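A short write-up of the structure that comes next.
If you read the sequence from its start, that first residue is 1, and numbering goes on from there. Quick caveat: nothing in here was measured; it's all calculated off a predicted structure.
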Amino acid sequence: MRFAAPSTFAQNYIAPILPKFLGQYPDITLDLRLSDTQFDLIEGSFDLALRNLEMSDSSLKGRKLADDTHVLCASPAYLVENARLRKPTDLARHRLISFKDFLAKGLVSETGQKAHFDPKAATSRLLCDDGQSQKIATMAGAGISINSRWSVHRELASGSLVRVLPDYRLDQ
C-alpha cells in the first residue's frame, strides 16, 4: 500500500504506531512517502494520502478528519531581542521562517477582526519545506514561523515556543 503523508505529522503520529499496524496486518507492505512538499497523488499511484490542504483535484475522494489551526510562533529569546508585536502589520518588521510556496493569508482574531498577512512584505531569510526543521529553527531563535497547532502544542505548553499575536489565527 502506497501512503503519502506530511513528514512532520508522520514523525509524531504515524511512525510510533507502525509496529502495531504491521503486526496486525502481516500481509501488507507499506510504501511510505513522507514529505511536507505537496506532489501529484495520482501520478504517484498512491492508495491513501493524508494532507493538510484542500484537494485541488476533484477526481479524488477525500474526507476531512480534523481542523488544522495554524498559529504564529517564535522563541522567547527571539521576542526579547526584537521589536514587540502588537498588531498584524508589525510582522513586516520581523524575520519570518516560511514554507517555500507560502501564499498570503488572512488572519482572524478571536473577536472576528480580520487582517491580511503577506509573507512577501516581511523579511523571509529562511525558506523551508519541512515543518519539523522549521519548528527547530524557530525554537533556536531564527524568526517567526507559522505552524499547525498539533505540531507545536508541546512546545507552547513548555514555553520553548510562544504564540505571536495570540489573539489571531490564520484563516483557513
Side-chain angles (χ1 to χ4, degrees), residues 3-21 30 32-38 48-55 62-88 90-91 94-119 122 124-172:
F3 175 63
S7 64
T8 304
F9 186 86
Q11 291 167 22
N12 289 307
Y13 300 101
I14 294 175
I17 64 170
L18 285 175
K20 183 176 180 180
F21 177 85
L30 282 178
L32 300 178
R33 301 302 162 141
L34 308 176
S35 174
D36 288 340
T37 302
Q38 302 297 317
L48 182 64
L50 182 63
R51 288 289 179 234
N52 58 351
L53 297 172
E54 285 189 35
M55 293 187 314
R63 181 184 311 162
K64 183 176 181 175
L65 300 176
D67 288 326
D68 187 13
T69 304
H70 289 87
V71 295
L72 295 159
C73 299
S75 71
Y78 175 86
L79 294 174
V80 166
E81 295 173 8
N82 292 278
R84 191 151 182 222
L85 287 108
R86 297 179 198 271
K87 55 192 182 299
D90 293 340
L91 288 166
H94 286 267
R95 294 189 315 266
L96 298 182
I97 302 169
S98 301
F99 269 75
K100 184 177 171 186
D101 57 354
F102 189 73
L103 303 173
K105 292 218 180 216
L107 291 169
V108 180
S109 74
E110 293 174 354
T111 61
Q113 184 180 3
K114 294 190 176 206
H116 184 73
F117 172 63
D118 186 357
S124 290
R125 294 194 54 220
L126 176 58
L127 302 175
C128 187
D129 68 354
D130 175 73
Q132 186 71 10
S133 298
Q134 178 178 310
K135 179 172 70 172
I136 291 167
T138 304
M139 289 170 45
I144 297 170
S145 63
I146 296 168
N147 301 274
S148 292
R149 188 186 296 263
W150 57 258
S151 173
V152 295
H153 68 94
R154 291 180 188 100
E155 291 77 12
L156 291 171
S158 74
S160 58
L161 284 178
V162 176
R163 285 223 18 217
V164 173
L165 301 172
D167 294 338
Y168 286 86
R169 63 172 172 75
L170 267 74
D171 192 13
Q172 302 294 317

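- Listed for the Tyr168 side chain is no donor-acceptor partner under 3.5 Å among the backbone atoms of Leu72.
- Across Thr138 and Cys73, no two heavy atoms sit closer than the pair CG2-O, 3.6 Å.
- A donor-acceptor pair under 3.5 Å links the side-chain atoms of Gln134 to the main chain of Ile146, judged by distance alone.
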Report task. Kindly determine whether Leu170 and Leu107 satisfy side-chain contact (heavy atoms from CB on, under 4.5 Å), including the steps that lead there. Result -> CA-CA 5 Å; Leu170 267 74; Leu107 291 169; 3.5 Å; yes
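- Note: Tyr13 and Trp150 have perpendicular aromatic rings, judged against thresholds of 30 and 60 degrees for the angle between ring planes.
- Proximity of a side-chain donor or acceptor of Arg149 to a complementary backbone N or O of Val71 within less than 3.5 Å is not detected.
- The backbone N or O of Gln132 lies less than 3.5 Å from a partner atom in the side chain of Thr8, making a donor-acceptor pair.
- For the pair Arg84 (side chain) and Asp90 (backbone), a donor-acceptor distance under 3.5 Å is absent.
- Annotation for Ala137 and Ile97: closest pair C-CD1, 4.0 Å, computed over non-hydrogen atoms.
- His94 contributes no side-chain N or O that, together with a main-chain N or O of Gly143, makes up a donor-acceptor pair within less than 3.5 Å.
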Query - Steps toward side-chain contact (heavy atoms from CB on, under 4.5 Å) verdict (Val164, Leu79) - result: CA-CA 9 Å; Val164 173; Leu79 294 174; 4.2 Å; yes
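- Looking at Leu85 and Ile144, their side chains come closer than 4.5 Å, going by heavy atoms from C-beta outward.
- One finds the CZ atom of Phe3 at 4.0 Å from the CD1 atom of Ile14 (value rounded to the nearest 0.5 Å).
- In this structure, the separation between CG on Asp167 and CD on Gln113 is 9.5 Å, given to the nearest 0.5 Å.
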Query raised in the report: What do the steps show when you test Ser151 against Asn12 for side-chain hydrogen bond (donor to acceptor under 3.5 Å, both in side chains), and what is the final call?
Result: CA-CA 8 Å; Ser151 173; Asn12 289 307; 5.1 Å; no
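- Counting all heavy atoms, side chain and backbone alike, Lys135 lies closest to Val152 at CD-CG1, 3.7 Å.
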Query raised in the report: What do the steps show when you test Glu155 against Asn147 for side-chain contact (heavy atoms from CB on, under 4.5 Å), and what is the final call?
Result: CA-CA 11 Å; Glu155 291 77 12; Asn147 301 274; over 6 Å; no
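- The two atoms that bring Leu126 and Ala142 nearest to each other are CD2-CB, 4.5 Å, heavy atoms only.
- Between Ser75 and Leu161, the closest heavy-atom pair is N-CD2, 4.1 Å.
- Between Ser160 and Ser158, the closest heavy-atom pair is OG-OG, 3.1 Å.
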